[in-house]
Structure formats: C-alpha cells, structure tokens
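Note sheet for the following structure.
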2 protein chains.
Amino acid sequence: MAGVENTVFVGKKATMNYVLAVVTQMNQGSNDVTIKARGKAISRAVDVAEIVKNKFVTEAKIDDIKIATEEISTEEGNLLKVSAIEIILKK
Amino acid sequence: MAGVENTVFVGKKATMNYVLAVVTQMNQGSNDVTIKARGKAISRAVDVAEIVKNKFVTEAKIDDIKIATEEISTEEGNLLKVSAIEIILKK
C-alpha cells in the first residue's frame, strides 16, 4: 500500500484537478501513485488514470487495480456500504 | 477474453438487475463472468461485482480488473473517448 503522500483521492471536483495532482506527484519523483475513489467517483478515478497514462505520463502503466467494499458512518450514525477502487499507476 | 455469453454489460438500469444476471450465469455453470461498463456506469459495475461476491456467490473472487479508453462514435459522427472497465469474477 502506498503512503498517503503518494495517494490522490478522487471526489466531486473536475477530472482535470485530479489529473494535475497525479502528474505533479509523478513529476516530483514518485514512481508510483495510488488513485483512490468511492461510490460515484469511481468512474472519475478511471478517467483520471486513463488521461494521465495516455496524455501526460506516457511511460506510466497500470500496476494494479483493487476494488473493495467500505463502510462509512453517516451523520445520523448509520453504517453505509460503498464500493471503493484503488488504481496504482507506476512509471 | 471471455465469450459474449459470459459477459454482463452494465448500463443505466438498477444495480440488482445486473447482479441477478451475473448470479444467473454463475448458477448455470459459468465459472467466470466478465462484467463490463463504460463511462458513468463504471461505478455501478464495481457495485455489481462487490454485491455478487459478498452476498450471492461467496466463493467467487475477483480474477482480474482491466481499464481502458474506448472510442465511440456519436450520432453526429464525432468520435468520443470514454473510459471502460472489465471485471472478471471467477469461482
């Protein structure tokens, strides 16, 4: 598992924000970056990985992809299950 | 690559429709089923794989996950790039 400093959490912002974050980490010397997302942001995380790989860091490859189910607690104290993805990009 | 008969394409319907389709194929003798999706349906495909694995076919495991960029042509004749995912479930 990569350290937090090599991880980009994808949420609701525009895709290019996260692309820039990943590219910046790779240009600052990280050879691998983990892209994480939950729920509906999973599709965006896949977009981010594909855009970085195809347009910005063409020597990067998908090293591993994991999916899982995570439990998050809502403000009302309920447990909610959401799917999660982890995409490891390596150059 | 699995044959079309072992493939479930995840689209805009409710998640449980696709869960049922995957479970049915596994109960009819398929040892592996490929779950495919594009664009925003990618998150739902991950949900489908997780629900099948955790609730219905607990001996099933994620065998492989691939992501890619596909080109689709719009009705106006333009080429549009979309991310795609393929999740292979095996029991």
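What you see is a predicted model; the values in this text were computed from it and never measured. Every chain is numbered from 1, with letters handed out A, B, ... down the list of sequences.
- Connection of A/V10 to A/I72 is not established within any shared hydrophobic cluster, with ILVMFWY side chains joined at heavy-atom distances below 4.5 Å, either directly or through further cluster members.
- Counting heavy-atom neighbours within 6.0 Å of A/K91 NZ, excluding the residue itself, gives a total above 12.
- With a 4.5 angstrom heavy-atom cutoff, B/A84 touches chain A only via backbone atoms.
- Looking at B/T69 and A/E50, their side chains do bring a donor and an acceptor atom within 3.5 Å of each other.
- Heavy atoms of A/I67 lying under 4.5 Å from chain B belong to its backbone as well as its side chain.
- Neither the backbone nor the side chain of A/I51 comes within contact range of chain B; no heavy atoms are under 4.5 Å apart.
- Under the 4.5 Å side-chain heavy-atom criterion for Ile, Leu, Val, Met, Phe, Trp and Tyr, B/V48 and A/L80 are members of distinct hydrophobic clusters.
- In this structure, A/V82 is not a member of the same hydrophobic cluster as B/V46, with clusters built from ILVMFWY side-chain heavy atoms closer than 4.5 Å.
- Distance check, rounded to the nearest 0.5 Å: NZ of A/K40 to CG of B/D47 gives 10.0 Å.
- Note on B/I87: it clusters hydrophobically with A/I62, by side-chain heavy-atom contacts below 4.5 Å among ILVMFWY residues.
- Per-residue heavy-atom pair counts under 4.5 Å with chain A were compared for B/A41, B/A68, B/A49, B/G39, and the maximum is reached by B/A68.
- In the hydrophobic cluster analysis, where Ile, Leu, Val, Met, Phe, Trp and Tyr join through side-chain heavy atoms closer than 4.5 angstrom, B/V57 is grouped together with B/V8.
- Shown here for B/S43 and A/S43, the closest heavy-atom pair between the two residues is OG-OG, 2.8 Å.
- Contact annotation for A/N54: only side-chain heavy atoms (C-beta onward) come within less than 4.5 Å of a heavy atom of chain B.
- Side chains of A/I65 and B/I85 form no contact here, defined as non-hydrogen atoms less than 4.5 Å apart.
- For a residue to count as touching a neighbouring chain, one of its non-hydrogen atoms must lie under 4.5 Å from one of that chain's; by this rule A/A45 does not touch chain B.
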